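Every chain is numbered from 1 and lettered A, B, ... according to where its sequence line falls, protein lines coming before strand lines. Predicted, not measured: the structure shown is a model, and the values here were computed from it.
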2 protein chains.
Amino acid sequence: MARSTIKDVAREAGVSVGSVSRVLNGLPVSPRLRQKVEEARSLLQYEPNSLARSMRTNSTGAVGFFVPDVANPLYGAIINSLDRRLNARGLMLLLASGRGRMARDVVAEFRRRQVDGLIFVPDSEDDADLMHDLERFSAPTVIQSVEFPSRFYGVRVGYRDGTRQAVDYLLDLGHRRIALLTPLPHLWPGRERQAGYREAFRQHDLTVDDDLIRPLAIGRDPLPDLKAVMQGPDRATALILPGSHILALALQQAREHGLSIPHDLSIISIGDNDWVATYAPAITTLRWPVETLVDALVDLLINQMDDRSLRPVQVIVPTELVLRDSCGPVPSTDGRAC
Amino acid sequence: MARSTIKDVAREAGVSVGSVSRVLNGLPVSPRLRQKVEEARSLLQYEPNSLARSMRTNSTGAVGFFVPDVANPLYGAIINSLDRRLNARGLMLLLASGRGRMARDVVAEFRRRQVDGLIFVPDSEDDADLMHDLERFSAPTVIQSVEFPSRFYGVRVGYRDGTRQAVDYLLDLGHRRIALLTPLPHLWPGRERQAGYREAFRQHDLTVDDDLIRPLAIGRDPLPDLKAVMQGPDRATALILPGSHILALALQQAREHGLSIPHDLSIISIGDNDWVATYAPAITTLRWPVETLVDALVDLLINQMDDRSLRPVQVIVPTELVLRDSCGPVPSTDGRAC
DNA sequence: TTGAAAGCGCTAACAA
DNA sequence: TTGTTAGCGCTTTCAA
């Protein structure tokens, strides 16, 4: 049997479709009418068709979310939190992912599907076409992790301050050869981390050895860079790493080279999770707060939905340096020619 | 300015809406017509409204996916792979999550949104109402990880064979006190793992010490159970753990008790990932293949969509025991009263 | 307070 | 090959 429609309910209840619609939408009706409709409704197990409803109301109750890679546990946490928040507001998550030119297709698809809002995590700032599409996207849009002065609503993580703080901490422990493995500077995270790194050195009146800054393209094997900074007489005595994957690799390398942590090598990882906290030694991390980030994302989106005349706002959520056991004073016996 | 519609394009091209529709849908038209329409289309930057289209065609091109908890990295991998597969077929992922009674609301929401298919990972088999909703769901449905003889299409992981194989391996190493930390048996994974465990013991003509089987409710602190099996003269010499989170805890406990791995304690973890492979010692795991699982999920769904008259099929994807360095022969000096 | 009817943007059947 | 038109299921005027 086919799904029942509002007509069926109207016929069953002996009223007009308009009246059924009013009951469904909580508009003022007589108790008698309401009761008749409710009875017919539950008898027929009627559920309104949100497609038809959306077409009339121009509102789908769906929010599009695009990330370059869903499998990244980092995004998993965001998606989870986002889903909860949107749910609480009666919104549903339309998820899509992909890299490079797929991003534009996704924007078009979200347009066709008439999403009420769009949260976008681009994997590049350089794609002018994509940026154009995003700019003329008709629904409220929030961009994460990318820098677009004043044109977009955006939420970004305060990696600059965070990284400066992390480097400060290492400098205070006496480290001078601090390696920074970081995403490419074409995107906010990579750019800001590098800036924070340089700021810290500048404030200490120290010069930066550019060989210790290793920008890593996505998908590139980080091992060569890791080896480059961990070997030789001038090796780094401290590492700042961009995530658990590379951290695991670094720990493995350290073992192979007989470097104990934190005695011979100090490590700070960016992004906190279960196992870095329980590893031996527990890893000091620069944590960025998922909940705060998602709150900002959702708030910015909802604000726009409520008042489309608002001017773009950009939020930076601060990071937190979580001190554990993977950092110690600089080793005195090696790492320096004498 | 408002979005342009098919009417605008028709007017601009000087043709009828029907003709525009035909061009849009690749039906046979004259080259001249096609060209006129394409010109108007790009001039107006027209994108068809999929809501209106869906209403006519009764097909939304959306697939609903429900999981109890998106943040679980396990599901992250599935979502990612699923998104890719569905994308390749022009389908979009509608994501929802939640526990307990929220599941039913989600099913209703998916119904209202007229998804073309539904993939569901329930967090319980006991919810008769939910099962009823799922059964009368109008679109093709595939259920994961739950056992419903013959009524549903389903994909499950072969934990029974896998666990038997893992226990076999430990028994062959001489272990007799093997602890199994496992989800509650009210769901397939918990039930099957326990069955596999018992099978292995039975095949070796050994009796099971029920105290070593520790069913863990979701959200419950696993530490007491971990401690219970890791302490005392009769402690377990081998652990089978349900995931990375508990693994991290167990490794921490082992350190605190001065148990070295695999010398004093052997460990097998279920579910493979980066860091268990790079941990020292590398952890032996029972891996379940995400790609195979998702392939099965999508295949079953697509098959149903193509031919609604098919009879339910249930697929079990096999696991793989990945041998690494966390298991060794049973320690001879302790763990047994003599 | 309720009913009747227009119309959202599109597809598909029917005509021409 | 193309145009005309009904109608998908709903909301929302406008009348009664």
Look at the side chain of [X] and the backbone N and O of [Y], then say whether any donor-acceptor pair between them is shorter than 3.5 Å.
X      : Y      : answer
B:D83  : B:N80  : no
B:S4   : B:L44  : yes
A:N303 : A:L300 : no
A:Q144 : A:I119 : no
B:T60  : B:Q114 : yes

Side chain of [X] only, heavy atoms from C-beta on: which candidate in [options] is closest?
X     : options              : value
B:Y46 : C:dC10, C:dA5, C:dG3 : C:dC10
A:V17 : C:dT2, C:dG9, C:dA5  : C:dA5
A:S16 : C:dA4, C:dT11, C:dG7 : C:dA4

A:F137 side chain near A:F120 side chain, heavy-atom distance below 4.5 Å:
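Side chain of A:F137 against side chain of A:F120, heavy atoms only: no contact under 4.5 Å found.
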Rounded to whole Å, how long is the line connecting atom [atom1] of [X] with atom [atom2] of [N]?
X      : N      : atom1 : atom2 : result
A:K36  : C:dT1  : NZ    : P     : 15 Å
A:L33  : C:dG3  : CG    : P     : 7 Å
A:R113 : C:dG9  : CZ    : C1'   : 16 Å
A:I6   : C:dA4  : CD1   : C1'   : 14 Å
B:L24  : C:dC10 : CG    : C1'   : 10 Å
B:R53  : C:dA12 : CZ    : C1'   : 13 Å

When rounded to the nearest 0.5 angstrom, what is the spacing between CG in A:L301 and CG in A:L91?
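If I round to the nearest 0.5 Å, the distance is 8.0 Å.
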Can you tell me how far CG of A:D299 sits from OH of A:Y153, rounded to the nearest 0.5 angstrom?
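Taking OH in A:Y153 and CG in A:D299, the distance rounds to 12.5 Å.
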Comparing A:P48 with B:R32, nearest DNA chain D nucleotide closer to 5' gives the residue B:R32
For C:dG9, does the base pair up with any side-chain atom of B:R56 as donor and acceptor (N or O, under 3.5 Å, distance only)?
no
Shortest non-hydrogen contact between B:F110 and B:A96, atoms and distance:
CZ-CB, 3.9 Å
Within the structure shown, what part of the strands sits under 4.0 Å from [X] by heavy-atom distance: base, sugar-phosphate, or nothing?
X     : answer
A:T5  : sugar-phosphate
B:N58 : nothing
B:L51 : nothing

Between its two end axes (five pairs each) the helix from C:dT1-D:dA16 to C:dA16-D:dT1 turns, nearest 10 degrees, through 40°
Using a cut-off of under 3.5 Å, enumerate the N/O to N/O pairs linking the protein to nucleotides 14-16 of chain C.
none

Segment of DNA chain D, first to last nucleotide, that comes within the 4.0 Å heavy-atom reach of chain B
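Contacts span D:dT1 to D:dG9, reading 5' to 3'.
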Got a salt bridge between [X] and [Y], using NZ or NE/NH1/NH2 to carboxylate O under 4.0 Å?
X      : Y      : answer
B:R113 : A:E47  : no
A:E109 : A:R112 : yes
B:K36  : B:E39  : no

Would you please confirm or rule out a distance under 4.0 Å between OP1 or OP2 of C:dT2 and any side-chain N or O of A:S30?
yes
